[in-house]
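Taking it in order: structure first as structure tokens, then the write-up.
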Amino acid sequence: MKDSKLPPNLIEKRVVEHLGTRFAYALLDPQFKIKSTSFNFNELAAPEGEGLQGMPLADLFPELIGLEESMGELLSGDLEALNLDAVNRLVQNGSEGEEVVQYFNFTLFPADRRRPGEGLIFLIEEVSDQANLRQDLVQERNQLRLTQGELARANRELQRLDQIKTLFLSMAAHDMRTPLSVISGYIELIQDMIRDDEPQDKSLINRDLTIMQDQVHWLNRLILNVLDLNLIENELLVVDRQPFDMRLAVEQVARSTQNMFKNARQHLSYHVPTADVFVLAESDRIKQVLFNLVGNSFKFISRGGRVHIDLRSDIDRQKAILAIEDDGPGIDKAYQKHLFKLHYRTPESNEVQGTGLGLYIVKKLVDQHEGTIWVESEVGQGTRFVIELPLLSNLQKVS
Amino acid sequence: MKTVQRKICLLGDFSVGKTSLVRQFVEGRFDDRYLSTIGVKISRRQISRPDYLLNLLIWDLAGGDDYDDVTSGYLRGAAGILMVCDLTRPLTLHTLRKYRKQLDEIKLDPVVVIAANKVDLVAERAVDDSLLEELSQQINAPYLLSSAKTGEGVAAAFDQIAGLLEKKKS
């Protein structure tokens with residue numbers, strides 16, 4: 001209904017041209033229905049709209065739904081104006097027909113300040129140019145803030161890793177010094193014996209050499225752990241799995257560490273079943289797992305303490321079960337779930353040498369063998385590490 | 001069946017995923033690109049409730065700037081607010097505390113639900129459940145975990161707002 005439009009007077013047109021912005025307005029009755037509009041209202045608000053007179057404004061601008069109470073306050077004079085800044089609207093792009101986002105400012109205020117109940121004026125202004133500039137600025141600012149946040153997080157992580165590395169180096173150096181001092185001591189002892197012209201007791205020399213050999217093995221395992229950590233962190237750790245009888249690993253590790261226990265006045269025992277316990281595994285890696293776990297228990301038990309290795313087969317579940325149990329101080333439940341994390345040390349273990357590498361590597365190696373590992377422990381009751389690996393069937397053993 | 005219209009506003013720090021949540025809820029899609037919202041974007045979606053149809057007018061407000069009079073204007077008439085934080089950025093929880101305080105200052109009492117967004121980014125998560133529970137108590141609003149990317153918790157967040165609106169009315 002074209003009669004709803006105010007006649008385009010010269011002043012109004014000049015004002016629009018002069019300001020160079022796109023704005024239009026509508027006069028609303030007290031029920032917020034359109035009474036009349038500026039000459040250019042359709043261009044901005046309802047490109048295809050005809051007969052706007054009498055139409056509720058909210059039908060044309062659903063953005064106003066929910067604002068009835070505030071509009072009522074405008075009518076009663078309790079509110080001077082209501083502004084909605086940069087309202088995003090999808091508008092058809094004339095030539096191509098695609099939808100583009102345009103930004104509009106909406107303002108509502110009483111048509112007559114002295115008699116606000118008469119009706120309202122709704123002013124709509126297209127502000128896409130300013131809003132797009134603002135969008136560019138805000139986008140850049142927010143991206144910058146996100147990047148700053150990421151940098152700060154990365155920096156904190158680097159500092160944490162640097163601290164761990166420093167701590168690790170200091171622990172590793174400390175760990176390596178102990179066997180080196182033992183070796184050095186025994187070398188001096190043997191040198192003294194050789195300097196004496198008296199005939200030597202070969203068994204004594206042999207005993208000292210055995211102790212030195214144990215310490216060399218210990219050092220070797222420490223170095224292996226460090227090298228394995230490098231492989232794990234670079235995702236290069238692979239195992240060469242062959243059919244292998246786990247009993248051999250238990251017997252060999254028990255033999256190799258027996259002296260170490262004896263010299264420390266500690267006890268190591270083991271039990272293997274009479275029947276073979278074949279698994280698909282890399283034998284050296286399984287021995288490494290055992291050395292780490294036995295070595296770990298060795299560090300925590302006191303003089304006279306015991307470590308026992310138990311191997312058995314669970315035929316029903318087709319599992320090889322390897323348990324290493326000790327009568328050490330035990331581990332608090334709260335710390336148990338963290339034990340297999342890299343560089344994790346329980347508060348109690350800080351008094352014992354260690355790099356926090358052993359159990360982490362053990363877990364990775366067990367994973368590589370499709371096995372599972374867990375810990376059972378009570379404070380004051382000792383600790384039991386259990387590993388389960390899939391048993392090989394007879395057919396697999398033959399093939 | 002009766003139809004009811006309600007205005008729901010989304011509040012939260014910049015880049016927490018407010019626009020993506022609305023897009024997922026209204027259009028069922030996700031876009032990985034981040035584009036800052038300026039002003040307000042209004043979308044609609046109807047949801048079915050047991051006895052009526054609920055037309056939600058969803059106001060997606062720009063985040064990140066300090067709360068001001070302009071934001072207050074947008075919030076007029078809001079029946080519900082979905083406060084959104086980012087599980088990978090703990091500071092975004094603090095922003096919600098500020099919003100709650102400012103809502104109280106302008107004496108608005110809409111129902112509020114917290115969406116702890118980006119739950120799909122498991123490795124980058126930096127906010128644990130205890131922090132969310134603490135926030136939930138502080139601003140007196142239930143929370144749920146959401147992902148605008150996978151859609152997890154998105155419809156549930158708006159359903160929860162609808163449920164709270166019914167509870168408030170009764």
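Not measured: the values here are computed from a predicted model.
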Self-check item: Over 12 foreign heavy atoms within 6.0 Å of NE2, His94(B)
Solution: no
Self-check item: Pairs of heavy atoms under 4.5 Å with chain A: top-ranked of Ile42(B), Leu35(B), Leu57(B)
Solution: Leu35(B)
Self-check item: Top contributor to chain A contacts, counting heavy-atom pairs under 4.5 Å, from Arg44(B), Gln5(B), Arg76(B)
Solution: Arg76(B)
Quiz item: So which of Arg89(A), Gln143(A), Glu63(A) has the biggest tally of heavy-atom pairs under 4.5 Å with chain B?
Solution: Glu63(A)
Practice problem: Start with the C-alpha gap between Tyr34(B) and Leu146(A), add the side-chain angles, then the distance that decides, and say whether side chain to side chain contact (heavy atoms under 4.5 Å, CB included) holds. | Solution: CA-CA 11 Å; Tyr34(B) 168 56; Leu146(A) 287 174; 4.2 Å; yes
Exercise. Could you tell me whether the side chain of Ser36(B) reaches within less than 4.5 Å of the side chain of Asn142(A), counting heavy atoms only?
Key: yes
Quiz item: With only heavy atoms counted, which part of Ile65(A) is less than 4.5 Å from chain B, the side chain, the backbone, both or neither?
Solution: both
Exercise. Heavy-atom pairs under 4.5 Å with chain A are the metric here; pick the option from Thr37(B), Ile38(B), Thr88(B) that has the most.
Key: Ile38(B)
Quiz prompt | Options Leu79(A), Asn132(A), Val101(A), ranked by heavy-atom pairs under 4.5 Å with chain B, top entry | solution = Leu79(A)
Practice problem: Please say whether more than 12 non-hydrogen atoms of neighbouring residues, nucleotides or ligands are located less than 6.0 Å from CG in Asn155(A). | Solution: yes
Self-check item: CD (Glu69(A)) with more than 12 external heavy atoms under 6.0 Å
Solution: no
Quiz item: Checking Gln139(A) against chain B: side chain, backbone, both or neither under 4.5 Å from a heavy atom?
Solution: both
Quiz prompt | Within 6.0 angstrom of Glu80(A) CD, more than 12 heavy atoms from elsewhere | solution = no
Quiz item: Measuring heavy-atom distances to chain A, does Leu91(B) have an atom under 4.5 Å in its side chain, in its backbone, in both, or in neither?
Solution: neither
Quiz prompt | Lys337(A) atom NZ, over 12 foreign heavy atoms within 6.0 Å | solution = no
Quiz item: Which answer fits Glu140(A), side chain, backbone, both or neither, if we ask what part of it has an atom under 4.5 Å from a heavy atom of chain B?
Solution: neither
Practice problem: Check whether Arg153(A) gets within reach of chain B through its side chain, its backbone, both or neither, counting any heavy atom under 4.5 Å. | Solution: side chain
Self-check item: Side chain Asn88(A), main chain Gly39(B), donor-acceptor under 3.5 Å
Solution: no
Self-check item: Contacting moiety of Leu64(A), where chain B heavy atoms sit under 4.5 Å
Solution: neither
